[in-house]
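Reading through the structure tokens given below for one structure.
Owing to the predicted nature of the structure, the values given are computational and were not obtained by experimental measurement. Heavy atoms only: backbone and side chains are in, while hydrogens, waters and symmetry mates are out.
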Amino acid sequence: MRIARFSIDGNVAFGAVEGDRQDELVLDIIKGIPFADYELSGTKVPVSKVRLLPPVLPNKVVAFGRNYAEHARELGNEVPDAPFAFFKPSTSVIGPGDDIQYPPFSQELHHEAELAVVIGRMCREVPRERVQDVILGYTCANDVTARDVQKREKQWARAKGFDTSCPLGPWVETGLDLATASDLTVQLTVNGEQRQLGRTSEMIHSIEDLVVNITEAMTLLPGDVILTGTPAGVGPLNVGDEVAVTIEGIGTLTNKVVKRG
């Protein structure tokens, strides 16, 4: 099931996305929330009549860096022996169609297409064999990075945590098991030109590795998001660019870059 979060007439709700053609998609409005017992209402509204929002509002976004060997090498970094985590704040999250605002303190903004794991229930110290049980589903993400700031500041809080630096969407796909999610095509285009192309099977540390690693240290809450790393091909974004992340079996997340203010 594809679960979207949307607004219509000032109200916010979740809905199950039905249909295959983009211009024919409809939402069956959900009674309740996807992190607890819910049912479909049978009340349907065309996607074209709503505004799609970030599919979840995470308490925290835990991101893992340098999880694709070729990406680590293209930036001159060593491949880490263990998962390498950092955070993006909840205020960095935007949804499909929202603008990425070019931060005024950077002159080198980069795109990073990533598979995002959405947590479905509160969990801590998750054993490997239970990882599937705590995952609600998967969505597309763009770990937008102020690369020049990342290079000159030891902490990545500003480089990767600025407002609008974490586009998520367009919805959460709940129908993928771990085996399937671990071998999906990840693609990114800028103005229609392909910049990144990889597969989640190229990750150094698996989805299970990442969930086990972070829950050894902290509790994850329903709606929290794990970013699993980006394949090679990261590069610059400029004001006016349209950037699209497409992940096999999930969908396409599209955002435009604008000047802040």
Side-chain angles (χ1 to χ4, degrees), residues 1-5 12 14 30 32-38 53-68 79-95 112 114-143 154-157 159-161 165-169 171-184 186 200-230 247 249-250:
M1 180 183 294
R2 294 169 292 174
I3 298 178
R5 181 170 161 269
V12 175
F14 290 95
I30 288 174
I33 59 174
F35 309 108
D37 292 336
Y38 69 87
L53 303 173
V56 290
L57 287 179
N59 174 271
K60 53 188 170 292
V61 177
V62 182
F64 285 90
R66 303 170 188 170
N67 200 27
Y68 287 73
V79 176
D81 293 330
F84 178 77
F86 60 93
F87 292 100
K88 294 174 82 80
S90 59
T91 48
S92 69
V93 173
I94 58 174
E112 295 191 9
E114 310 207 6
L115 174 72
V117 180
V118 179
I119 298 300
R121 69 184 208 187
M122 186 169 67
C123 58
R124 184 173 65 125
E125 297 180 350
V126 179
R128 180 174 294 273
E129 63 272 15
R130 296 295 302 276
V131 168
Q132 180 70 62
D133 298 340
V134 305
I135 294 174
L136 174 67
Y138 303 88
T139 192
C140 306
N142 192 347
D143 176 20
K154 292 182 179 180
Q155 296 288 339
W156 294 357
K160 286 180 171 285
S165 66
C166 190
L168 296 175
W171 40 65
V172 178
E173 173 56 69
T174 66
L176 302 176
D177 59 20
L178 271 170
T180 303
S182 298
D183 190 21
L184 300 173
V186 179
T200 56
S201 55
E202 299 168 0
M203 290 192 292
I204 300 165
H205 304 290
S206 68
I207 295 168
E208 295 99 313
D209 293 335
L210 304 183
V211 173
V212 169
N213 176 271
I214 199 61
T215 62
E216 286 177 340
M218 68 188 65
T219 300
L220 297 182
L221 301 177
D224 279 352
V225 170
I226 296 174
L227 303 188
T228 59
T230 192
I247 300 182
I250 298 176

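- When atom types are taken as modelled, the side chain of E114 and the backbone of G229 share a donor-acceptor pair closer than 3.5 angstrom.
- Nearest heavy-atom pair across V93 and P58 is CG2-CG, 3.9 Å.
- Nearest heavy-atom pair, P80 versus R66, reported as atom, atom and distance to 0.1 Å: CD-O, 3.3 Å.
- Around CG of D177, the count of heavy atoms belonging to other residues, nucleotides or ligands within 6.0 Å exceeds 12.
- Screening V117, V131, N67 for a side-chain contact (heavy atoms from CB on, under 4.5 Å) involving L210 leaves a single residue, N67.
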**Message:** With side-chain contact (heavy atoms from CB on, under 4.5 Å) as the criterion, how do E208 and L178 come out once you've worked through the C-alpha distance, each side chain's angles and the decisive distance to 0.1 Å?
**Reply:** CA-CA 8 Å; E208 295 99 313; L178 271 170; 3.9 Å; yes
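- Other residues, nucleotides and ligands place more than 12 heavy atoms under 6.0 Å from the CE atom of M218.
- To the nearest 0.5 angstrom, R5 atom CZ is 11.5 Å from I33 atom CD1.
- In this structure, W171 and I250 approach most closely via the heavy-atom pair NE1-O, 2.8 Å.
- Side chains of R128 and D209 form a contact here, defined as non-hydrogen atoms less than 4.5 Å apart.
- Remark: the backbone N or O of G137 is not paired with any side-chain donor or acceptor of T174 at under 3.5 angstrom.
- The distance from atom CD1 of I119 to atom CD1 of I135, rounded to the nearest 0.5 Å, is 6.0 Å.
- Atom CD of E216 and atom CZ of R124 lie 12.0 Å apart (nearest 0.5 Å).
- Although no hydrogens or angles enter the test, the distance criterion places no donor-acceptor pair under 3.5 Å between the side chain of K160 and the main chain of S165.
- Side-chain contact between I207 and Y138 is present, with at least one heavy-atom pair separated by less than 4.5 Å.
- In this structure, the side chain of T139 engages the main chain of G169 through a donor-acceptor pair within 3.5 Å.
- In this structure, L176 and Q132 approach most closely via the heavy-atom pair O-NE2, 4.2 Å.
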Side-chain donor/acceptor pairs under 3.5 Å, residues 219-228, sequence neighbours excluded:
residue: D224; atom: OD1; partner: N59; partner atom: N; Å: 3.0
residue: D224; atom: OD1; partner: K60; partner atom: N; Å: 3.0
residue: D224; atom: OD2; partner: K60; partner atom: NZ; Å: 2.8
residue: D224; atom: OD2; partner: L221; partner atom: N; Å: 2.8
residue: T228; atom: OG1; partner: L115; partner atom: O; Å: 2.8

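- Of all the heavy atoms in G32 and F14, the pair that sits closest is O-CD1, 4.4 Å.
- Annotation: the span from L168 atom CG to S92 atom OG amounts to 8.0 Å, rounded to 0.5 Å.
- A distance of 5.5 Å separates CG in D183 from OG1 in T200, rounded to the nearest 0.5 Å.
- The minimum heavy-atom distance between I30 and Y38, with the atom names listed, is CG2-CD1, 3.5 Å.
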**Message:** Under the criterion side-chain contact (heavy atoms from CB on, under 4.5 Å), I'd like the reasoning laid out for F86 against V61: C-alpha separation, chi angles, the key distance, then a yes or no.
**Reply:** CA-CA 9 Å; F86 60 93; V61 177; over 6 Å; no
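- Within a 6.0 Å sphere centred on CD of E129, heavy atoms belonging to other residues, nucleotides or ligands number more than 12.
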